[in-house]
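One structure is given below, encoded as structure tokens.
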Amino acid sequence: VQLQASGGGLVQAGGSLRLSCAASGGAFSTYNIAWFRQAPGKEREAVSAINKNGGSTLYTDSVKGRFTISRDNTKNTVYLQMNNLKPEDTAVYYCAAGSLFMVLGGIPDATTYQYWGQGTLVTVSS
């Protein structure tokens with residue numbers, strides 16, 4: 001499956017963006033999807049995940065209450081609605097597809113995901 005992330009941009013602190021991850025070439029509804037991000041000079045970190053049918057979601061603590069992940073399997077697309085953005089949210093955001101949804105109560109490690117999008121840059125100014 002091929003993934004295409006989009007929706008990044010420059011926004012002021014407190015603003016909102018919605019990222020999209022569009023899939024093609026595979027059975028989208030059979031994959032769990034996650035968003036990761038990587039800030040300059042930092043390791044890639046998991047942000048949020050959603051299971052195959054959209055009924056379960058996970059978030060890293062720093063985005064809980066501000067970000068919402070959702071999916072529309074009829075459109076082969078996963079969304080990440082990001083509200084109340086902070087400068088520390090600045091990063092390249094990647095979507096990934098894999099067979100696992102949760103490991104030890106959290107988002108699986110990046111190495112467990114089989115397919116990755118190209119990334120979209122989110123810049124939050126203070």
Side-chain angles (χ1 to χ4, degrees):
V1 62
Q2 292 79 45
L3 302 176
Q4 179 81 28
S6 63
L10 174 63
V11 63
Q12 289 188 331
S16 298
L17 284 173
R18 188 177 79 157
L19 305 184
S20 297
C21 177
S24 61
F28 177 72
S29 62
T30 67
Y31 291 100
N32 301 293
I33 305 294
W35 286 96
F36 288 78
R37 65 186 179 186
Q38 188 165 18
K42 296 188 177 181
E43 293 186 354
R44 188 170 298 191
E45 66 166 340
V47 175
S48 182
I50 190 165
N51 71 340
K52 298 173 186 179
N53 64 14
S56 296
T57 58
L58 295 168
Y59 299 93
T60 192
D61 286 346
S62 63
V63 308
K64 285 180 180 177
R66 300 189 298 122
F67 290 12
T68 303
I69 191 171
S70 61
R71 69 189 294 164
D72 185 342
N73 285 345
T74 66
K75 297 182 179 179
N76 289 350
T77 303
V78 168
Y79 304 98
L80 186 68
Q81 178 67 44
M82 306 187 295
N83 298 329
N84 191 22
L85 283 160
K86 303 176 180 181
E88 52 264 43
D89 295 318
T90 295
V92 177
Y93 284 71
Y94 301 88
C95 56
S99 57
L100 298 177
F101 167 62
M102 181 169 62
V103 174
L104 298 177
I107 301 170
D109 183 80
T111 59
T112 67
Y113 290 88
Q114 290 83 37
Y115 304 100
W116 289 83
Q118 84 291 357
T120 185
L121 176 62
V122 173
T123 304
V124 184
S125 62
S126 58

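Computed from a predicted model, the values in this text were never measured in an experiment.
In this structure a side-chain-to-backbone donor-acceptor pair under 3.5 Å is missing from Arg71 to Asn32. Between the side chain of Thr123 and the backbone N or O of Thr90 there is no donor-acceptor pair closer than 3.5 Å. Checking side-chain atoms of Gln118 against main-chain N and O of Gln4 turns up no donor-acceptor pair under 3.5 Å. Using a distance-only test at 3.5 Å, with no hydrogens or angles considered, a donor-acceptor pair links the side chain of Asn51 to the main chain of Gly54.
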Trace of the side chain to side chain contact (heavy atoms under 4.5 Å, CB included) decision for Arg37 with Val63 = CA-CA 12 Å; Arg37 65 186 179 186; Val63 308; 4.0 Å; yes
Any chance you could lay out the side chain to side chain contact (heavy atoms under 4.5 Å, CB included) test for Met82 and Asp89, step after step, and finish with the verdict?
-> CA-CA 9 Å; Met82 306 187 295; Asp89 295 318; over 6 Å; no
Carefully, step by step, assess Ser29 and Lys52 under the rule side chain to side chain contact (heavy atoms under 4.5 Å, CB included).
-> CA-CA 6 Å; Ser29 62; Lys52 298 173 186 179; 5.9 Å; no
Thr120 and Leu19: side chain to side chain contact (heavy atoms under 4.5 Å, CB included), yes or no, with the steps?
-> CA-CA 8 Å; Thr120 185; Leu19 305 184; 4.0 Å; yes
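Met102 CE to Ser56 OG: the interatomic distance, rounded to the nearest 0.5 Å, is 7.5 Å. The CD atom of Gln12 lies 9.5 Å from the OG atom of Ser126; values are rounded to the nearest 0.5 Å. Atom CG in Asn84 sits 8.0 Å away from atom OG in Ser16 (nearest 0.5 Å).
In terms of heavy atoms, Asp109 sits closest to Thr112 at O-OG1, 2.8 Å. Scanning both residues, Leu3 and Cys95, for their nearest heavy atoms gives CD1-O, 3.8 Å. The nearest pair of heavy atoms linking Ser48 to Leu80 is CB-CD1, 4.1 Å. Contact detail for Ala49 and Tyr113: the closest heavy-atom pair is CB-OH, 4.5 Å. Residues Lys42 and Gln38 come closest through the heavy atom pair O-NE2, 3.1 Å. Of all the heavy atoms in Val1 and Ala97, the pair that sits closest is CG1-CB, 4.4 Å.
Judged as a ring-ring contact (aromatic ring centres under 6.0 Å, His included), not a single pair has a partner in residues 51-92 (not counting sequence neighbours).
Annotation: side-chain contact (heavy atoms from CB on, under 4.5 Å) contacts of Gln114 (sequence neighbours excluded): Ser99.
Just one residue in the list Phe36, Tyr93, Trp35 forms a ring pair (Phe, Tyr, Trp, His ring centres under 6.0 Å) with Trp116, and that residue is Phe36.
Cluster membership for Ile50 and Tyr115, using ILVMFWY side-chain heavy atoms within less than 4.5 angstrom, is shared. Hydrophobic clustering (ILVMFWY, side-chain heavy atoms < 4.5 Å, transitive): Ile69 and Val47 are in one cluster. Each of Ile33 and Leu58 belongs to its own hydrophobic cluster when Ile, Leu, Val, Met, Phe, Trp and Tyr are linked at side-chain heavy-atom distances under 4.5 angstrom. Residues Leu104 and Phe101 do not share a hydrophobic cluster, defined by chaining ILVMFWY side chains whose heavy atoms lie under 4.5 Å apart. Hydrophobic clustering, with ILVMFWY side chains joined whenever heavy atoms are under 4.5 angstrom apart, keeps Val92 apart from Val11.
Using a 4.0 Å cut-off between a side-chain N of Lys or Arg and a carboxylate O of Asp or Glu, Lys64 and Asp61 qualify as a salt bridge.
For the pair Leu85/Leu17, a side-chain contact is recorded, criterion being any heavy-atom separation below 4.5 Å from C-beta on.
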